[in-house]
Amino acid sequence: MLARRAPRRRSFRPAMAALGLALSLCTPALCTPPLAAEPQETITLKVVGGLAGVSQYTRYEEPFWRHRVTELTKGRVTAEITPFDRAGFRAEEVLPLMRLGVVPFGTALVAVVSSEEPEFNAVDLPALNPDIGRLRETVRLYRPHLRDILQERYGVELLSIYTYPAQVTWCTRPFNGLSDLSGRRVRTSSVGQAEMFEALGATSVVIPFADTVAALRAGVVECAVTGTLSGYTVGLHEVTSHVHSMALTWGVSMFGANKATWDSLPADLRETIRQGLAELETSIWDAAAQQTGEGLDCSAGRPGCTTGRPGRMTVVPVTPADQQRRRQLLIETVLPRWIDRCGESCSSAWNTYLGPSLGILTRPD
């Protein structure tokens, strides 16, 4: 059962860009139940997708909405898609905008929207999912809770859950595992990552992804956490020597629809779109697994690399000592700090959906 808690109150004033978006996205056909339509009337959906420029968007989301959905519905549905980082609003605002119907169909990056709803972040806590098999199981177990939160607090119908490739640790000098990172300055991208590295005795430094290579080259940081393939693509293999093969986080995102918009579609079209999105979700997850390995292969110059010029990095294997240290960090640092930020609702959700499968139960202080 969903643990209820008082909704977070904050002043929400959409900027002019968001108001402009409302005019373009919130059409009568999408934001209110349509009147009786001709059988062959074409319905156009407005979609806000994932991050621009990455393969999840360019190879999978964009082709699905621009072409595949029309094929599946035999021309009854067309769609226009915009990546959320080019949609004219902050990524943190996507769920409130979906609740208002300004964004009829949208993508929410869990790590971003968790600043307002920490319960979302349970699926991608640092040190929780060291490989994609564990991540799949975590998402499977927690998915009903994510669905309930989105429906009850935001009026959003959950349609898919996606993941980006693994985020791992890159360093400019050798290391053999997590414990060797003590004393190093590490580029991190979330509060949870920062807390984990501080527990390891490292110093967390917040640096934008675009500045990571320059920061490593200048010695501002000695290590960085980022994606395997994205790190290789921007040239981290040219400024670092060692990369750990253990995933620390992934980059999970949720795709859904304003419930009034979704319910206004004919039932047969809803079913067709759901089936198509299930296929899209499978393709994105399979690609994330493949690209996680390819990023490491390309950085190390191994045969699995099919993209770009091979590097010469050393891939640090995951040892039993790493697994033990990871679990210790999860139990002693990551989970307690997350519950401190979230409260009893997170503790209850963890103990209901995830704790039993891991043999790790929590209690709020």
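Keep in mind it's a predicted model, so treat the numbers as computed, not measured.
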Are F255 and W65 near enough that their ring centres are under 6.0 Å apart?
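For F255 and W65, the ring centres are under 6.0 Å apart.
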[Y] versus [X], side-chain donor and acceptor atoms under 3.5 Å:
| X | Y | value |
| --- | --- | --- |
| T138 | N129 | yes |
| T249 | Q167 | yes |
| T307 | E294 | yes |
| T44 | E80 | no |
| S347 | T362 | yes |
| R134 | S357 | yes |
| Q275 | E271 | yes |
| T272 | T73 | no |

In this structure, would [X] and [Y] fall into the same cluster of hydrophobic residues linked by side-chain contacts under 4.5 Å?
| X | Y | value |
| --- | --- | --- |
| V94 | F120 | yes |
| V205 | L200 | no |
| V186 | V221 | no |
| L141 | W250 | yes |
| V225 | L178 | yes |

Hey, could you give me each pair passing salt bridge (Lys or Arg N to Asp or Glu O under 4.0 Å) that has a residue in residues 299-323? Not counting sequence neighbours.
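Residue pairs passing salt bridge (Lys or Arg N to Asp or Glu O under 4.0 Å), neighbours aside: D297-R302.
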With distance as the sole test, does [X] use its side chain to make a donor-acceptor pair with the main-chain N or O of [Y] at under 3.5 Å?
| X | Y | value |
| --- | --- | --- |
| S241 | T172 | yes |
| W350 | A122 | no |
| S204 | A194 | no |
| D85 | L51 | no |

Step-by-step salt bridge (Lys or Arg N to Asp or Glu O under 4.0 Å) determination, R341 to E195
CA-CA 12 Å; R341 290 190 293 274; E195 292 170 345; 2.6 Å; yes
State which residues pass side chain to side chain contact (heavy atoms under 4.5 Å, CB included) with V156; sequence neighbours excluded, sorted by chain then number.
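Scan of V156 (side chain to side chain contact (heavy atoms under 4.5 Å, CB included), adjacent residues dropped) gives M98, L150, Y154.
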Any chance you could measure [X], atom [atom1], to [Y], atom [atom2], to the nearest 0.5 Å?
| X | Y | atom1 | atom2 | value |
| --- | --- | --- | --- | --- |
| T78 | H67 | OG1 | NE2 | 12.0 Å |
| N176 | H242 | CG | NE2 | 7.5 Å |
| D211 | R187 | CG | CZ | 9.0 Å |

Given side chain to side chain contact (heavy atoms under 4.5 Å, CB included), test V252 with Y164 step by step and report yes or no.
CA-CA 6 Å; V252 175; Y164 293 101; over 6 Å; no
Salt bridge (Lys or Arg N to Asp or Glu O under 4.0 Å) for D131 and R136? Distances and angles first, verdict last.
CA-CA 9 Å; D131 54 61; R136 288 181 187 273; over 6 Å; no
For F197 and L248, run side chain to side chain contact (heavy atoms under 4.5 Å, CB included): C-alpha distance rounded to whole Å, both residues' side-chain angles, the deciding distance at 0.1 Å, then the answer.
CA-CA 11 Å; F197 277 100; L248 297 181; 3.6 Å; yes
Check: W262 and R270 side chains under 4.5 Å, non-hydrogen atoms
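Answer yes - side chains close enough.
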Flag side-chain contact, heavy atom, 4.5 Å: V110 against V123:
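Yes - at least one pair of side-chain heavy atoms lies under 4.5 Å apart.
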Under the side-chain hydrogen bond (donor to acceptor under 3.5 Å, both in side chains) definition, can you give me all pairs with a residue in residues 51-64, not counting sequence neighbours?
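Those involving residues 51-64 are S55-Q291, Q56-E61, E62-R66.
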Does the pair E157 and R274 meet the rule for a salt bridge (Lys or Arg N to Asp or Glu O under 4.0 Å), with working shown?
CA-CA 11 Å; E157 182 81 12; R274 273 195 186 276; 2.5 Å; yes
Apply the test side chain to side chain contact (heavy atoms under 4.5 Å, CB included) to residues T226 and T212: give CA-CA distance (whole Å), side-chain angles for both, the deciding distance (0.1 Å), then the verdict.
CA-CA 9 Å; T226 195; T212 302; 5.6 Å; no
Just do the salt bridge (Lys or Arg N to Asp or Glu O under 4.0 Å) check on R185 and E222 with the steps written out, would you?
CA-CA 5 Å; R185 299 181 303 280; E222 302 161 88; 3.6 Å; yes
Evaluate the side chain to side chain contact (heavy atoms under 4.5 Å, CB included) criterion for residues R184 and T203: first the C-alpha distance (whole Å), next the side-chain angles of each, then the deciding distance (0.1 Å), finally the verdict.
CA-CA 6 Å; R184 303 195 191 190; T203 300; over 6 Å; no
